[in-house]
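Down below is the structure, laid out as C-alpha cells.
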Amino acid sequence: MADPKGFLTTGREVAETRPVTERVKDWNEVYVPGSLLPIISKQAGRCMDCGIPFCHNGCPLGNLIPEWNDYAYREDWAAASERLHATNNFPEFTGRLCPAPCESACVLGINQPAVTIKNVEVSIIDKAWGNGDVTPQPPERLSGKTVAVIGSGPAGLAAAQQLTRAGHTVAVYERADRIGGLLRYGIPEFKMEKSHINRRIEQMRAEGTKFRTETEIGRDIDAARLRRRYDAVVIAAGATVSRDLPVPGRELNGVHFAMEYLPLANKVQEGDLTVSPITAEGKHVVVIGGGDTGADCVGTAHRQGALSVTQLEIMPRPGDERNANQPWPTFPMLYKVTSAHEEGGERVYSVSTTHFEGDEDGNVQALHLVEVEFKDGGLEQKPGTERRIPAQLVTLAMGFTGTDRSNGLVQQFGLELDERGNVARDADFATNVDGVFVAGDAGRGQSLIVWAIAEGRSAARGVDRFLTGASALPAPIRPTDRALMV
C-alpha cells in the first residue's frame, strides 16, 4: 500500500488548466505543462489498496491501478510504467481522452472525491517517455504469418502492436493520409497534441509494424483480394456513419456533421491547410448533441473566433450528484463541465430542432427549436415553447450509427451484421468469414477509447490463436462484455 493514511490526510487535486483567455488563442493542450508532477505522488498515495479494487471493474482494460499508484507514490517511475503497459498499449491516449470510469468505481469515491487515477496515469506515461523508458519491443522471432489490420484508430493500433510483438508480420491500412483514425482527425489538438500519436507510431515502426495510408479497403483494394493476400484480417474500421437530423432545411449550406468540421480544423494544425473551409470565425454557431464530440466542436469554435456558441441536447440536464438508480460503482450520468465549456457558450437541455432557416443564397441563418419532455415512454413537444436562435454554422454531433457500408468492405468480405448493424463476431472476435476478425466500434458500436484498446488486445489473442493454435496474449474482455452501468 502507498500511504496508509493518504486518503485521510490528502485532498483531491487535479491537473491545472491554463487561463481561458490564454488557451483559446492557441491549439496547445489546455493543461499547464508539468503541473501534475509536484502533486501527483501524494495524489497516488490516496489509493486505499482495497481488498477488492473496484476500479478494475470500471476499466475494461483491467488496469493494475493500485500497483502503479503505489509505484507513483514512491516515485519509481520505471516500475510504474511497466505495470501501466502490462494492460494498456497507449496510456498517454487514455490518460488524456478517457472519461475515467475507473474513478467512478473507486472505493474511496463512495464518500469522498475519488483518486485522480487518470491524472496519475498520464503522469506516469509522460515521465516514462521523458526518461526514455518507452522503447520498441520487437519480437524475438517471426512466425511467418501475415495479418492485415483495417483502420488505425485505438482498436486497430492495439491489435497491430500485440500481433507484431507476437511475431506476426502486420500491415495497417488507413484510408486517411495519416495514421491515427479519430485520434488523429476527430480529437482536437487542445485535447491531445498529435505528437503523442507520432511517437507511438515510430515505436510501432521500430517493432516491425507496417503502415499503408490513403488506402481504403473496399474502394482502393478489393476486400476479398486482401483476404487472399494475408493469413488473417482484423477489421477495426470504427463506427463512422454519423447520425443525421432529417428536418426541413438540413440541406442548407453551413449544416455539417461534426466529422466534416473537426478533421478540417486538425488539418490546419497539421499544416495541410492555412484556413479551414468550414470555420466558425465571425459566426453564431450551434452544436447539436451534448456529448464529448459536441464539446470538441464547442472548443474548436471558440478557437476559430465564433461570435457565439450554443450547444443543444435533447435529454434533460444531468444532475451534479449520482442518482439513486445509478449507485456506486456504476458509471453515472453526471453534469460535466469540460475545458471547452469553461471557455464560454450556452448549453440548452430538453430541446429538439424542428427546422433550419436559410437566406436567399441557401445559407443557414437560424435554427428553430422547441422544448420537449418524456411522457409515457415517448418524447413530446411542449406547446408554446418554440423559439428561433441565430445560426450561421451548425454541427451535428449526435453520435454514430455503425460502420461504413458504402465503401463495399462489408459486401466484398460477405460479412454478417448483428441486429444493431455492427459486424457480428463470436467469442474469439471472429466474423462469419474464416480468418477475418473484428475489433472496436465496428463490432461493438460507438464506445470509449478504453473499450477500443481492450477490444484490439482481445481480438489479437483470437487472431494469434487462429494462426498458431494457441496464444499467450492477454484478452481483457469478451465481445459480450459491457460497461458497468445500470
Side-chain angles (χ1 to χ4, degrees), residues 151 153 175-176 181-182 185-188 216 218-219 237-266 276-280 283-298 300-301 309-315 347-359 362-372 374 378-381 386 388-389 391-411 417-423 440-442 444-447:
R175 63 183 178 181
L182 289 185
Y185 287 128
I187 302 298
E216 185 170 8
R219 284 200 173 100
T240 57
V241 180
S242 299
R243 182 173 284 108
D244 209 342
L245 183 62
V247 299
R250 168 63 180 88
E251 75 287 352
L252 291 168
N253 299 324
V255 182
H256 301 276
F257 288 120
M259 285 302 119
E260 293 173 332
Y261 173 61
L262 293 173
L264 291 172
N266 280 2
S276 172
I278 305 174
T279 180
K283 297 176 182 177
H284 295 288
V285 178
V286 177
V287 178
I288 302 178
D292 288 339
T293 302
D296 293 343
C297 292
V298 170
T300 299
V309 183
T310 305
Q311 187 175 17
L312 307 182
E313 170 57 56
I314 198 169
M315 300 297 291
R347 303 167 77 178
V348 184
Y349 291 89
S350 297
V351 293
S352 177
T353 302
T354 60
H355 65 281
F356 301 109
E357 174 187 327
D359 62 16
N363 301 309
V364 66
Q365 290 297 300
L367 177 150
H368 291 253
L369 57 81
V370 63
E371 294 181 16
V372 295
F374 286 90
L379 195 66
E380 293 187 8
Q381 296 184 0
E386 300 86 355
R388 174 186 183 275
I389 59 175
Q392 287 89 49
L393 173 63
V394 178
T395 61
L396 307 179
M398 302 178 297
F400 303 89
T401 60
T403 194
D404 187 356
R405 295 194 289 275
S406 67
N407 58 10
L409 184 149
V410 170
Q411 295 85 352
L417 304 179
D418 63 19
E419 64 279 2
R420 300 178 64 191
N422 303 314
V423 180
D441 291 359
R444 173 170 294 271
Q446 180 184 349
S447 190

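Predicted model only: the values in this text are computed from it and were never measured.
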Original post:
Between Ser406 and Arg219, is any pair of side-chain heavy atoms under 4.5 Å apart?
Top reply: yes
**OP:** Measure across Val370 and Thr354 and return the closest heavy-atom pair with its distance rounded to 0.1 Å.
**Re:** CG1-CG2, 3.7 Å
**OP:** To the nearest 0.5 Å, tell me how far Ile278 CD1 sits from Thr300 OG1.
**Re:** 12.0 Å
**OP:** Answer yes or no: are there more than 12 heavy-atom neighbours, outside Arg388 itself, under 6.0 Å from its atom CZ?
**Re:** yes
Would you be so kind as to tabulate the donor-acceptor pairs closer than 3.5 Å made by side chains of residues 239-248, with sequence neighbours excluded?
| unit_1 | atom_1 | unit_2 | atom_2 | d |
| --- | --- | --- | --- | --- |
| Thr240 | OG1 | Arg175 | NH2 | 3.4 |
| Arg243 | NH1 | Met398 | O | 2.7 |
| Asp244 | OD1 | Arg250 | NE | 2.7 |

Subject >> Rounded distance [0.5 Å steps], OG1 in Thr293 versus CE in Met259 >> reply: 5.0 Å
Original post:
Above 12 or not: heavy atoms from other molecules or residues under 6.0 Å from CZ of Arg405?
Top reply: no
Subject >> Exam field: side chain Gln392 to backbone Val285, donor-acceptor pair closer than 3.5 Å >> reply: no
**OP:** Looking only at non-hydrogen atoms, find the nearest pair between Asp441 and Ser447 and report the distance.
**Re:** OD1-N, 3.4 Å
Subject >> Tyr349 backbone acceptor or donor facing Glu313 side chain under 3.5 Å >> reply: no
Original post:
Measuring from Thr395:OG1 to Leu262:CG, what's the distance to the nearest 0.5 Å?
Top reply: 7.5 Å
Original post:
Under the side-chain contact (heavy atoms from CB on, under 4.5 Å) criterion, do Glu371 and Gln381 qualify, and how do the steps go?
Top reply: CA-CA 6 Å; Glu371 294 181 16; Gln381 296 184 0; over 6 Å; no
Original post:
Looking at CG of Leu367 and NE2 of His355, how far apart are the two atoms once the value is rounded to the nearest 0.5 Å?
Top reply: 8.5 Å
**OP:** Might you point out which heavy atoms bring Tyr185 and Ala176 nearest each other, and give the distance in Å?
**Re:** CE1-CB, 4.0 Å
Original post:
What heavy-atom pair brings Ala237 and Thr403 nearest, and what distance separates the two atoms?
Top reply: CB-OG1, 4.1 Å
Original post:
Heavy atoms, side chains only, cut-off 4.5 Å: are Val286 and Thr353 in contact?
Top reply: no
Original post:
At their closest point, which heavy atom of Val372 faces which heavy atom of Ser352, and how far apart are they?
Top reply: CG1-CB, 3.7 Å
Original post:
For Phe400, does its backbone N or O pair with a side-chain atom of Gln446 as donor and acceptor, under 3.5 Å?
Top reply: yes
Subject >> Euclidean distance, Leu369 CG relative to Leu312 CG, rounded to 0.5 Å >> reply: 6.0 Å
Subject >> Glu216/Asp404 under side-chain contact (heavy atoms from CB on, under 4.5 Å): CA gap, chis, key distance, verdict >> reply: CA-CA 11 Å; Glu216 185 170 8; Asp404 187 356; 4.2 Å; yes
Original post:
So do the side chains of Glu357 and Leu252 get within less than 4.5 Å of each other, counting heavy atoms only?
Top reply: no
**OP:** Could you tell me the separation between the CE atom of Met315 and the CZ atom of Phe374, rounded to the nearest 0.5 Å?
**Re:** 4.0 Å
Original post:
How far apart are the closest heavy atoms of Asn422 and Gly402, and which atoms are they?
Top reply: OD1-CA, 4.3 Å
